[in-house]
Amino acid sequence: MNTDWIENLNPPQQRAVTHHTGPLLVLAGAGSGKTRVLTHRVAYLIDHFDTPPEAIVAVTFTNRAAAEMRHRVDALLDDKKAASRVVISTFHSLGARLLRRFAPRARLSWNFSIYDDSDSRRLIGALLESQGLEKDRASIRHHQNYIDSQKNRALTPNQALEQAFDGRAEEDAQFYELYQKALREADAVDFGDLIMGPVNLFRQSPELALHLSESWQFLMVDEFQDTNPAQYELLDHLTTAHDNLAVVGDDDQAIYGWRGADPTHILGFEDAFRSANIVKLEQNYRSTAVILDAANDVIAHNSHRHSKRLWTDRPDGDPIVVFSGADDREEAGYVAETIFDLLRRGTDAEDIAIFYRTNAQGRLFEEQMRQWGVAYRIVGGLSFYAREEIKDLLAYLRAALNPSDDVATARVINTPRRGVGKSTIEKLRRATAVDGVFNLQEAALLANDNGPGEPPQSDLFTARPLPSGPDQVEAIDDIRSLRGVSRRGLTEFQTILEATREDLLHFDSLTPVMERLMERTAYADHVQHSDPERADDRLRNIGELVNAIEEFELDPGTPALIDAVKKLMPDDADDPLTTSEAAIHLRAFLDRSALVQSTDTNDDTSAVTLMTIHGSKGLEFDHVFLVGMEEDTFPNLRNPNDPEELAEERRLAYVAITRARNQLYISNARRRRTYGQFRNTEPSRFLLHIDSKRLLVDPRSTSAEIDYAARTKHSSSGRSSTKSPSWSFDQSSQQNDDFNQAPPDWDQSYDADVAALLEPPPVDTAHEKLVGLTVSHTKFGVGEVLSASGSGDNPLLIINFPAVGEQSVYRKFLKILG
DNA sequence: AGGCTCCACGTTTTT
DNA sequence: CGTGGAGCCT
């Protein structure tokens with residue numbers, strides 16, 4: 001037992017780490033070492049208090065945070081085996097695990113599916129259709145939001161109905177009930193159920209919660225400020241037998257109000273747990289003083305905060321660099337160019353990040369990064385597992401493993417096309433309404449029967465006689481009388497599923513199952529044929545899926561995961577499709593892919609990170625580019641008059657700023673394209689809140705100096721009127737894309753060496769010497785000079801830019817790279 | 001059944 | 001601007 005590292009913690013950190021039993025609230029400011037406290041406490045519980053590792057449960061919100069914590073606990077403990085026994089999990093994975101463990105009690109099979117947002121949407125659409133209701137996008141979104149918010153608030157359909165205050169709310173609650181019933185029939189749960197499902201279990205069987213909490217003796221929760229009522233209730237159940245609940249959070253970083261997070265959980269923790277030990281971590285180890293001060297400038301405008309004073313003993317550091325582009329494209333070009341320069345100066349791309357408010361903003365930066373040849377990685381956005389081709393192939397596997405999963409079945413019953421069109425699917429759906437026909441796959445089996453009047457051929461339906469009411473008979477006969485392509489298509493589909501099930505029984509690994517599925521479905525041909533332009537991309541994605549499966553099976557952590565899955569399996573499981581090795585692999589892989597946002601960056605190449613601010617929580621980077629700092633983009637207010645919404649946006653700005661360790665760049669654009677239309681902008685009030693003495697306006701900001709003098713002075717009242725003239729230039733001014741002409745010493749941190757690089761090379765009248773050189777341009781990226789013409793120090797060059805083709809550009813708009 | 005064209009609509013933020 | 005659904009035509 002070696003706990004010398006205790007010495008390296010500051011006194012409040014030590015108090016938190018050495019806390020043993022009873023409730024603990026750690027109010028941890030940004031960068032104050034909260035992950036450090038959590039991981040060290042895990043180690044201390046094990047090493048000092050001899051706690052069995054499996055009695056410790058640490059819960060996070062994101063897979064990323066869970067992985068980070070796992071990694072750091074691993075590093076702290078000498079006994080690596082012990083480290084892997086600690087339960088470190090996201091709320092949702094923990095919920096999935098509990099639901100699998102107690103599936104029968106939740107009226108689910110062990111192989112239940114997890115529906116992601118798009119699966120839920122399809123289910124809602126199908127239900128609206130079956131109800132003869134409007135099924136436009138708005139309506140689907142409305143129901144999805146409603147159901148999700150009820151689940152976030154830990155309300156069952158019945159409770160929602162009781163609380164309904166008008167007819168509309170009653171209808172919504174009734175639809176929620178219908179949806180839950182459909183989910184159960186599909187042997188599936190959605191994301192909300194991953195929390196609500198276990199909560200319901202514990203409500204019905206408190207002894208279950210008691211039992212679990214006896215073995216899970218120590219609970220720790222990261223980012224506690226973002227817990228919603230359902231998660232809070234889950235924690236409550238899990239602490240039935242004790243009150244060893246340690247929570248870590250920062251009310252200034254509460255950014256998930258829209259997802260039902262309730263700040264009273266953290267603000268009222270000391271009331272809920274009277275004996276709570278409260279520790280405040282107020283020393284920031286991450287950022288320079290300038291960055292921290294800027295963050296405080298912004299967050300100071302919020303009221304209702306836990307009292308807390310974040311400080312640092314780091315030096316001031318460089319001022320925050322501000323750039324205003326003529327438009328959003330120029331802004332992106334500036335960021336890409338600046339990053340390009342940073343990389344040339346030897347900065348590791350891993351230490352650089354671009355944060356934006358909404359995913360859609362990422363596209364422009366992605367484009368520019370590509371033009372400048374900068375390696376980048378987009379986190380979030382369209383998840384790998386949300387791609388059409390990936391969802392299709394996984395749907396086959398889901399449908400094979402869980403025949404009740406109608407969303408998966410419907411997704412691929414006619415993909416690739418095999419003649420099962422809309423009307424056939426509609427017939428199948430109607431047949432599932434017949435008692436004794438439990439799902440689409442069973443309905444499809446009826447097509448193999450001989451026809452009206454004949455007895456059913458399928459064992460399934462001789463063992464389970466179907467009703468004989470006229471409507472039901474008609475629905476069944478509709479399918480029995482299918483002929484031609486539709487019937488052949490259904491047979492083909494069944495054959496594929498059956499063969500896949502056979503494969504799952506006979507292989508020990510998932511990889512050959514996947515390969516054979518690809519062959520049977522001829523999915524690659526389908527991609528090639530249906531979408532020739534993007535076929536290469538999509539085929540590469542499929543390749544990545546195959547790799548992901550292979551890597552998953554080869555991953556040293558997987559055997560432990562598989563073991564864990566096996567432990568969750570009911571003892572009396574005898575269905576071969578449940579107990580076979582490949583099926584168990586599949587179960588584990590599907591769970592992971594449902595709960596993981598993207599292929600967890602296996603690529604070890606160094607790359608610049610692009611992500612939303614929400615995605616950045618808990619992370620830190622040397623260089624942070626906070627972009628799109630304009631009103632209406634950030635803050636992005638749905639309801640401009642809601643002070644709470646504005647406060648949350650402000651906390652979001654606080655989170656973004658405090659991610660930066662050494663250098664923060666803030667940028668915006670005077671015009672931004674939305675829906676293809678240019679729109680004039682104003683600088684973000686958050687930018688204006690930062691004391692201008694901390695800012696250095698980049699001289700390349702074409703005429704875009706922000707008029708700080710024009711700022712209103714009475715903004716500390718908490719209600720700032722920021723309708724003052726914001727830009728000190730004419731909004732109609734033309735875009736000026738030659739900011740390369742700006743003096744190379746725009747950034748004081750540039751050393752002479754770098755300045756020389758940026759200095760235009762000596763005038764060379766023999767322009768031919770330029771031919772063949774590599775140059776870079778703000779808009780077009782990097783290219784090669786093909787020819788030169790003209791005279792003086794600014795010849796016209798023809799340049800081949802890989803990104804955009806040949807362009808004629810004046811010398812002075814270019815930077816010579818060599 | 002399937003493919004095509006046209007048009008309406010949208011953007012928070014994530015597990 | 002881009003997507004995706006509805007509706008029309010083959």
Side-chain angles (χ1 to χ4, degrees), chain A residues 59-66 89-96 114-118 120-121 125 129 134-141 145 148 151-152 189-196 223 226-228 230-231 254-261 328 355-364 379-383 385-386 388 414-426 482 484-486 488-489 529-530 591-598 611-618 628 632-639 645 648-649 651-653 655-656 672-679:
Chain A
V59 192
T60 66
F61 277 82
T62 64
N63 291 294
R64 209 182 182 122
S89 166
T90 63
F91 266 106
H92 288 82
S93 310
L94 188 73
I114 297 174
Y115 280 5
D116 67 11
D117 272 355
S118 76
S120 300
R121 236 174 289 131
E129 184 143 46
E134 199 74 33
K135 100 176 226 214
D136 53 313
R137 268 190 299 224
S139 164
I140 290 177
R141 210 185 43 241
N145 287 340
D148 195 49
K151 290 181 179 178
N152 285 337
V189 301
D190 63 12
F191 279 142
D193 285 342
L194 291 175
I195 310 299
M196 237 340 238
E223 310 281 11
D226 288 328
T227 47
N228 62 37
Q231 288 160 331
I255 55 173
Y256 283 100
W258 53 275
R259 211 167 75 182
D328 47 359
F355 299 155
Y356 33 78
R357 179 63 181 81
T358 62
N359 280 304
Q361 291 168 257
R363 185 172 300 180
L364 263 176
V379 177
L382 186 62
S383 146
Y385 291 102
E388 191 186 347
N414 196 36
T415 310
R417 301 262 122 105
R418 52 175 72 93
V420 184
K422 223 181 147 175
S423 63
T424 304
I425 294 176
E426 199 34 52
L482 286 172
V485 279
S486 8
R488 276 201 302 278
H529 182 251
S530 67
D591 273 9
R592 206 190 62 152
S593 58
L595 296 171
V596 159
Q597 47 186 348
S598 61
M611 56 166 67
T612 63
I613 302 167
H614 282 86
S616 77
K617 196 175 66 163
D632 297 331
T633 297
F634 189 27
N636 187 325
L637 299 171
R638 195 196 279 132
N639 178 359
E645 205 185 322
E648 180 151 316
E649 293 288 309
R651 292 191 291 269
L652 199 52
V655 167
R672 180 169 297 276
R673 248 189 157 107
T674 20
Y675 305 144
Q677 289 272 313
F678 271 118
R679 181 175 55 77

Length of the line joining A:Lys151:NZ and B:dT15:C1', which is rounded to integer Å: 13 Å
Interatomic distance, A:Arg672 CZ vs B:dG10 C1' [rounded to whole Å]: 17 Å
Side chain of A:Arg673 (C-beta onward), nearest among B:dT11, B:dT14, C:dC1: C:dC1
Show me the protein contacts with nucleotides 3-7 of chain B, counting only N or O atoms at under 3.5 Å.
unit_1: B:dG3; atom_1: OP2; unit_2: A:Arg417; atom_2: NH1; d: 2.8

A:Ser93 side chain near B:dT15 phosphate (N/O to OP1/OP2, under 4.0 Å): no
Side-chain touch A:Phe91/A:Thr227, heavy atoms, less than 4.5 angstrom: yes
A:Asp190 CG - B:dT14 P separation (whole Å): 18 Å
Touch class at under 4.0 angstrom, heavy-atom based, for A:Asp116 against every strand present: nothing
Closest-nucleotide ordering on DNA chain C, the 5'-leading residue of A:Lys135 and A:Gly676: A:Gly676
Sugar-phosphate, base or nothing in reach of A:Thr612, heavy atoms under 4.0 Å: sugar-phosphate
Rounded distance in Å - CG (A:Asp193) to C1' (B:dT15): 13 Å
Which residue lies more 5' along DNA chain C, comparing A:Arg363 with A:Lys422 via nearest heavy atoms: A:Arg363
N or O in side chain of A:Asn414 less than 4.0 angstrom from B:dA1 OP1/OP2: no
More than 12 heavy atoms of other groups within 6.0 Å of A:Arg363 CZ: no
Under-4.0 Å side-chain N/O to phosphate OP1/OP2 contact, A:Asn152 with B:dT15: no
Residue met sooner reading DNA chain B from 5', once A:Ala594 and A:Ser486 are mapped to nucleotides: A:Ser486
Whole angstrom value for the distance that separates C1' of B:dC9 from CD of A:Gln677: 14 Å
SB check A:Asp632 A:Arg672 (cutoff 4.0 Å): no
Pair A:Tyr356-A:Thr612, side-chain contact (heavy atoms from CB on, under 4.5 Å): steps then yes or no: CA-CA 5 Å; A:Tyr356 33 78; A:Thr612 63; 4.0 Å; yes
Sugar-phosphate only, base, or nothing, as touched by A:Phe61 at under 4.0 Å among non-hydrogen atoms: sugar-phosphate
Set of residues satisfying side-chain hydrogen bond (donor to acceptor under 3.5 Å, both in side chains) with respect to A:Arg417, sequence neighbours excluded: none
Pairwise side-chain contact, A:Asn636 with A:Thr358, heavy-atom cut-off 4.5 Å (strictly under): yes
Side-chain N or O of A:Asn63 closer than 4.0 Å to phosphate OP1/OP2 of B:dT14: no
Side chain proximity check, A:Val59 to A:Thr90, heavy atoms < 4.5 angstrom: no
Separation of B:dT13 P from A:Glu648 CD (nearest whole Å): 13 Å
Distance in angstrom units between A:Asp591 CG and B:dT15 P, rounded: 16 Å
Within-4.5 Å side-chain heavy-atom neighbours: A:Asn152 and A:Trp258: no
Under-4.0 Å side-chain N/O to phosphate OP1/OP2 contact, A:Thr62 with B:dT14: no
Touch class at under 4.0 angstrom, heavy-atom based, for A:Thr424 against every strand present: sugar-phosphate
By side-chain contact (heavy atoms from CB on, under 4.5 Å) - contacts of A:Glu645 (at least two apart): A:Leu637, A:Arg638, A:Asn639, A:Asp642
Nucleotide nearest A:His92 (side chain, heavy atoms from C-beta), chosen from B:dT13, C:dC1, B:dT15: B:dT15
Pairwise 5' ranking along DNA chain B for A:Thr674 and A:Arg259, keeping only the more 5' one: A:Thr674
Spacing of the C1' atoms in C:dG4 and B:dT13 (rounded, Å): 23 Å
Between P of B:dT15 and CG of A:Leu94, the distance in whole Å: 16 Å
Centroid distance under 5.5 Å and plane angle under 30°, A:Trp258 vs B:dT13: yes
